[in-house]
Amino acid sequence: MNTNKNAVAAAQLTVGGKTLDLPVFEGTRGERSLDISVLRRETGLVTYDPGLVNTGICTSDISFVDGEKGLVLHRGYNIEDLAEHCMFLEVAYLLIMGKLPTLEEQKSFTNLMNEHSMIHEDMQHFFRNYPEHAHPMAVLSAMVVSLSSFYPQLDTESVTERIDNTVTRLLSKIRTLAAFSYKKFIGEPFVYPSYKLRYCENFLNMMFYSPVRDYIIDPLVERALNLFLILHSDHEQNCSTTVVRTVGSSGANLYASISAGICALWGPLHGGANQAVIEMLQNIYENGASVKNVIEDAKRKDSKIRLMGFGHRVYKTYDPRARLAKKACRELLGHLGMRKDPLLELAVELEEAALQDSYFQEKNLYPNVDYYTGIAYRAMGIPTNMFTVVFAIGRLPGWIAQWIENTRDMEQKIMRPRQIYTGSPQKPFVFTKDR
Ligand code: CMC
């Protein structure tokens with residue numbers, strides 16, 4: 001890990017007559033941070049930063065986002081280059097191992113994926129006993145944590161072996177778990193993974209093959225899915241990644257940490273936005289609402305309505321992932337003969353109207369990665385409630401890489417923030433008869 005912690009400057013904080021020199025560090029892309037690790041010890045103060053908007057929780061070598069320039073780097077490589085030239089598994093390898101794989105490494109990684117793609121037969125009972133229409137994100141999270149019971153870490157394995165086995169199991173099995181949760185949802189028999197198929201092909205086949213209907217994998221659909229998984233593969237300290245790091249910081253195993261990350265991703269302000277965008281577009285389309293009114297509603301201070309798929313904590317310009325997703329979505333729909341898809345047309349119209357509106361301009365609100373992906377998933381035949389599951393499959397290598405980095409970082413501690421207590425001061429206990 002690159003913990004180049006040589007201070008490049010110092011800041012002085014004077015409080016209660018005491019002056020503290022706080023070192024300023026610089027990351028490899030020049031972003032600066034104030035090290036306040038001695039603050040409470042020296043001054044008794046804690047910081048107050050809702051949403052951790054100004055707080056760096058770790059140093060990291062994995063990915064970098066420049067929200068002003070619209071730049072995303074994974075291990076130093078531009079997301080645009082990775083999206084154009086790589087298979088998803090290569091990017092997963094890059095994020096987790098820290099380097100792009102050679103041809104040999106790629107082959108053995110793919111073989112490992114095939115070896116681990118089945119899930120324990122007994123796990124099928126879990127799927128069967130879920131209620132009808134259980135949300136696939138709930139099922140996925142539960143199944144991932146259940147893996148820890150079916151594949152416990154062996155004491156005979158070294159730490160590295162343990163991590164390697166768990167990582168490959170998770171990366172491979174998540175597709176099977178996701179596809180099985182869909183098959184359960186529609187009441188069709190499970191389709192087993194095949195060693196003859198590539199990573200994305202296998203997922204598509206497990207989702208869409210049926211005993212009464214052959215599924216021919218369209219190479220362009222596979223390519224688009226491959227691209228979307230790469231676009232989701234990591235994105236520095238987002239909400240779910242922070243959850244994965246936080247759970248892992250207590251010493252919890254990788255399965256448990258990732259399961260918690262899946263739950264965090266589910267929310268509509270995070271990965272669940274891809275489902276929320278389609279629901280918003282469908283709602284507008286079906287109710288014949290005008291784009292102008294939708295924009296006005298999203299701007300109202302007194303409403304909780306937001307333009308879903310717009311805005312981002314870090315980007316103050318167009319999200320480069322959204323640009324790539326929009327292009328791939330158009331190409332895919334054109335290929336599938338859906339060039340005039342009403343939801344795509346509506347999405348483009350809504351985007352153009354928002355980008356010309358002073359509210360969105362002044363707040364730097366642009367489409368994010370979730371704005372166009374759902375339209376493409378829908379065209380592939382993926383149901384709305386599986387959209388965030390696809391996001392989770394894509395984000396998995398990032399979560400794994402971040403969990404490993406956190407576990408190996410000697411500076412990290414159990415995540416345990418402070419609070420500013422605003423409740424009642426201490427008061428005498430009231431016995432039941434007096435309440
Ligand atoms: N529509 C309307 N107004 C918005 C939107 C939006 N989509 N996003 C932000 N704003 C306004 C917000 O009301 C606030 O206004 P004011 O300063 O007057 O109070 C201002 O812009 C700043 O917003 P914020 O909520 O303080 O920003 P944040 O960094 O806390 O939230 C966000 C980021 C992504 C949660 C937010 O932009 C949002 O809710 N977007 C819609 C949901 C969405 O698309 N989420 C997917 C995010 S990208 C995928 C991922 O990584 O998860």
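If you read the sequence from its start, that first residue is 1, and numbering goes on from there. Predicted model, so just to flag it, every value in this text is computed and none were measured. Both ligands and their constituent atoms are indexed starting at 1 by order of listing.
- Of the candidates Asn368, Ile305, Asp370, the one placing a heavy atom closest to atom 49 (C) of ligand 1 is Asp370.
- Inside a 4.0 Å radius of atom 22 (C) of ligand 1 there is not any protein heavy atom.
- Checked against a 6.0 Å centroid threshold, the rings of Phe310 and Tyr366 do not count as neighbours.
- Protein heavy atoms are found inside the 4.0 Å sphere centred on atom 18 (O) of ligand 1.
- Atom numbering of ligand 1 starts at 1 in the shown order; those under 4.0 Å from a heavy atom of Gly271 are 52 (O).
- Near Ala273, with a cut-off below 4.0 Å to any heavy atom, the atoms of ligand 1 are 43 (C), 44 (O), 45 (N), 46 (C).
- Taking the ring axis of Tyr151 as reference, the NZ or CZ atom of Lys173 stays within 45° of it and closer than 6.0 Å to the ring centre.
- Close approach of ligand 1 to Lys301 is summarised as follows: ligand atoms under 4.0 Å from at least one heavy atom of the residue are 16 (P), 18 (O), 19 (O).
- Closest to atom 3 (N) of ligand 1 by heavy atom, among Tyr315, Tyr359, Phe391, Phe360, is Tyr359.
- The shortest contact between atom 40 (N) of ligand 1 and any protein heavy atom is with Phe310 O, 2.8 Å.
- Looking at Arg395 next to ligand 1, no N or O pair under 3.5 Å apart turns up.
- Closest of all the heavy-atom pairs between Ala289 and Val294 is CB-CG2, 4.3 Å.
- For the pair Val348 and Tyr372, the minimum side-chain heavy-atom distance is below 4.5 Å.
- Residue-ligand proximity, Ala298 to ligand 1, at heavy-atom distances under 4.0 Å covers atoms 2 (C), 3 (N).
- A cation-pi contact, defined as under 6.0 Å to the ring centre and within 45° of the axis, links Lys363 to Tyr359.
- Scanning the protein for heavy atoms near atom 31 (O) of ligand 1, the closest one is Arg306 NH1, 4.3 Å.
- Residues Pro101 and Phe109 form no side-chain contact, since every pair of their non-hydrogen atoms from C-beta on lies 4.5 Å or further apart.
- The pair Glu351-Lys326 counts as a salt bridge, with a side-chain nitrogen and a carboxylate oxygen less than 4.0 angstrom apart.
- Those atoms of ligand 1 that come under 4.0 Å of a heavy atom in Lys363, given as number and element, are 11 (C), 15 (O), 16 (P), 17 (O), 18 (O), 20 (C), 21 (O).
- Among protein heavy atoms, the minimum distance from atom 7 (N) of ligand 1 is reached at Leu307 O, 2.8 Å.
- In this structure, Arg223 does not pair ionically with Asp218, as no charged nitrogen and carboxylate oxygen lie closer than 4.0 Å.
- Each of the following atoms of ligand 1 lies closer than 4.0 Å to a heavy atom of Gly309: 43 (C), 44 (O).
- When non-hydrogen atoms are compared, ligand 1 lies under 4.0 Å from the side chain of Leu365 (C-beta onward) but not from its backbone.
- For Asn238, the heavy-atom gap to ligand 1 stays at 4.0 angstrom or more.
- Atom 15 (O) of ligand 1 is flagged as protein-proximal [any protein heavy atom, distance under 4.0 Å].
- Every atom of ligand 1 with a heavy atom of Arg313 under 4.0 Å away is listed here by number and element: 28 (P), 29 (O), 30 (O), 33 (C).
- Listed by number with element, the atoms of ligand 1 under 4.0 Å from a non-hydrogen atom of Gly311 are 34 (C), 37 (O).
- The nearest heavy-atom contact from the protein to atom 45 (N) of ligand 1 is Leu269 O, 2.8 Å.
- Taking any N or O of His270, backbone or side chain, at least one lies under 3.5 Å from an N or O belonging to ligand 1.
- Lys316 has no carboxylate O lying under 4.0 Å from a charged side-chain N of Glu68, or vice versa, which leaves the two without a salt bridge.
- Residue Met308 places a heavy atom under 4.0 Å from ligand 1.
- The minimum heavy-atom distance linking Ile174 with Ala392 is given by the pair CD1-O, 4.3 Å.
- The distance from atom OG1 of Thr388 to atom CG of Leu140, rounded to the nearest 0.5 Å, is 10.5 Å.
- Side-chain contact, Asp234 with Gln402: a donor N or O sits under 3.5 Å from an acceptor N or O.
- Lys327 has a carboxylate O that lies under 4.0 Å from a charged side-chain N of Glu331, or vice versa, which qualifies the two as a salt bridge.
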